[in-house]
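The structure under discussion appears below in the form of structure tokens.
Remember, predicted model here, so these are calculated numbers, not experimental data. Just so you know, residue 1 is the first one in the sequence shown, and it goes up from there. The figures here come from the full heavy-atom set of this structure, side chains too, leaving out hydrogens, waters and symmetry mates.
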Amino acid sequence: MNADSYTRAFATAFSTQDADSLVRLLSDDAEVVTATGQHCDGREAARLAFMAEFEGTFRSARLVSGRAKLRPVGPGAALLSQRYVLAGATGPDGTDLPRCALLLSACIIMRPDGWQALTCHITALT
């Protein structure tokens, strides 16, 4: 996987509610802030947070990729900024929530099994 395909892999895993695939995009000790504001240290905590989101608010959600910026900071390292449109989220009462913009900000590094995020923050944009 090249750095540019990281964002597509993230969107695909999120849109199929595949927490295991999402955490494979993270380093073992990654710091993650999810779209619902959960702060996670490490893959297992992130996997549990994503699973909870996929059982609730994001059970039918899909991400559509928007503008991205990739800034290399050295061999095998880059800062990634990716905009997404989130559709299909639901409220606690099951009502559809309006589409919104999300920003994925990550510091990614090349590992033997592909690019992984050391930090991964997903923020709602207004």
Side-chain angles (χ1 to χ4, degrees):
M1 172 184 355
N2 62 39
D4 293 327
S5 66
Y6 185 93
T7 59
R8 286 188 300 278
F10 187 93
T12 298
F14 189 97
S15 296
T16 58
Q17 288 73 43
D18 187 347
D20 292 328
S21 290
L22 275 176
V23 299
R24 282 193 290 275
L25 298 171
L26 306 172
S27 66
D28 290 336
D29 61 347
E31 176 190 26
V32 177
V33 177
T34 71
T36 62
Q38 296 183 68
H39 180 264
C40 312
D41 284 317
R43 277 183 170 172
E44 183 57 19
R47 187 179 71 75
L48 293 173
F50 287 132
M51 286 175 56
E53 290 178 345
F54 295 150
E55 291 172 3
T57 301
F58 300 137
R59 66 182 159 268
S60 300
R62 299 288 180 262
L63 291 180
V64 177
S65 296
R67 190 177 72 163
K69 287 185 182 179
L70 184 66
R71 297 177 179 97
V73 293
L79 297 176
L80 174 66
S81 176
Q82 171 68 55
R83 290 184 186 203
Y84 292 108
V85 173
L86 172 71
T90 55
D93 61 355
T95 59
D96 291 336
L97 297 176
R99 289 179 180 220
C100 68
L102 296 180
L103 178 68
L104 167 68
S105 301
C107 175
I108 58 175
I109 59 170
M110 177 52 80
R111 294 274 169 89
D113 52 345
W115 287 94
Q116 293 181 333
L118 298 174
T119 63
C120 178
H121 296 187
I122 308 160
T123 308
L125 301 176
T126 56

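Between the side chain of Q38 and the backbone N or O of A46, no donor-acceptor pair lies under 3.5 Å. Of the possible donor and acceptor atoms, none in the side chain of R47 sits under 3.5 Å from a partner among the backbone N and O of D20. The backbone N or O of S65 sits nowhere less than 3.5 Å from a side-chain atom of Q82 that would complete a donor-acceptor pair. Between the side chain of T57 and the backbone N or O of E53 there is no donor-acceptor pair closer than 3.5 Å. Not one N or O on the side chain of R83 forms a donor-acceptor pair closer than 3.5 Å with the backbone of G66.
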Expected list for residues 117-126: side-chain donor-acceptor pairs under 3.5 angstrom, two or more places apart:
{"from": "T119", "atom 1": "OG1", "to": "C107", "atom 2": "N", "distance (Å)": "3.4"}

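Shown here is R99, whose CZ atom has no more than 12 heavy atoms of other residues, nucleotides or ligands within 6.0 Å.
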Practice prompt. Starting from the C-alpha separation in whole Å, work towards a yes-or-no answer on side-chain hydrogen bond (donor to acceptor under 3.5 Å, both in side chains) for S21 and R24.
Written response: CA-CA 5 Å; S21 290; R24 282 193 290 275; 2.9 Å; yes

Next item on the list: Please test W115 against M110 for side-chain contact (heavy atoms from CB on, under 4.5 Å), starting from the C-alpha separation and ending with a verdict.
Entry: CA-CA 4 Å; W115 287 94; M110 177 52 80; 3.0 Å; yes

Practice item. Applying side-chain contact (heavy atoms from CB on, under 4.5 Å), run through V32 and V23 and close with a yes or a no. Key: CA-CA 10 Å; V32 177; V23 299; over 6 Å; no

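Between L70 and I108, the closest side-chain pair of non-hydrogen atoms falls below 4.5 Å. Looking only at side-chain heavy atoms (C-beta outward), F10 and L22 come within less than 4.5 Å of each other. Considering only heavy atoms from C-beta on, Q116 stays 4.5 Å or farther from L25 through its side chain.
Nearest approach of V73 to A78, heavy atoms of both residues: CG2-N, 3.9 Å. Looking at every heavy atom in both residues, S81 comes nearest to R71 through CB-NH1, 4.4 Å. Contact detail for S27 and R111: the closest heavy-atom pair is CB-NH1, 3.7 Å. Residues M51 and A19 share a closest heavy-atom pair of CG-CB, 3.6 Å.
In terms of hydrophobic clustering, with Ile, Leu, Val, Met, Phe, Trp and Tyr side chains grouped at heavy-atom distances under 4.5 Å, L86 and V33 are assigned to different clusters. Under the 4.5 Å side-chain heavy-atom criterion for ILVMFWY residues, a single connected hydrophobic cluster contains both F54 and L102.
Rounded to the nearest 0.5 Å, atoms OG1 (T36) and CZ (F58) are 6.0 Å apart. Of the inter-residue distances, the one linking D29 atom CG with D41 atom CG reads 9.0 Å to the nearest 0.5 angstrom.
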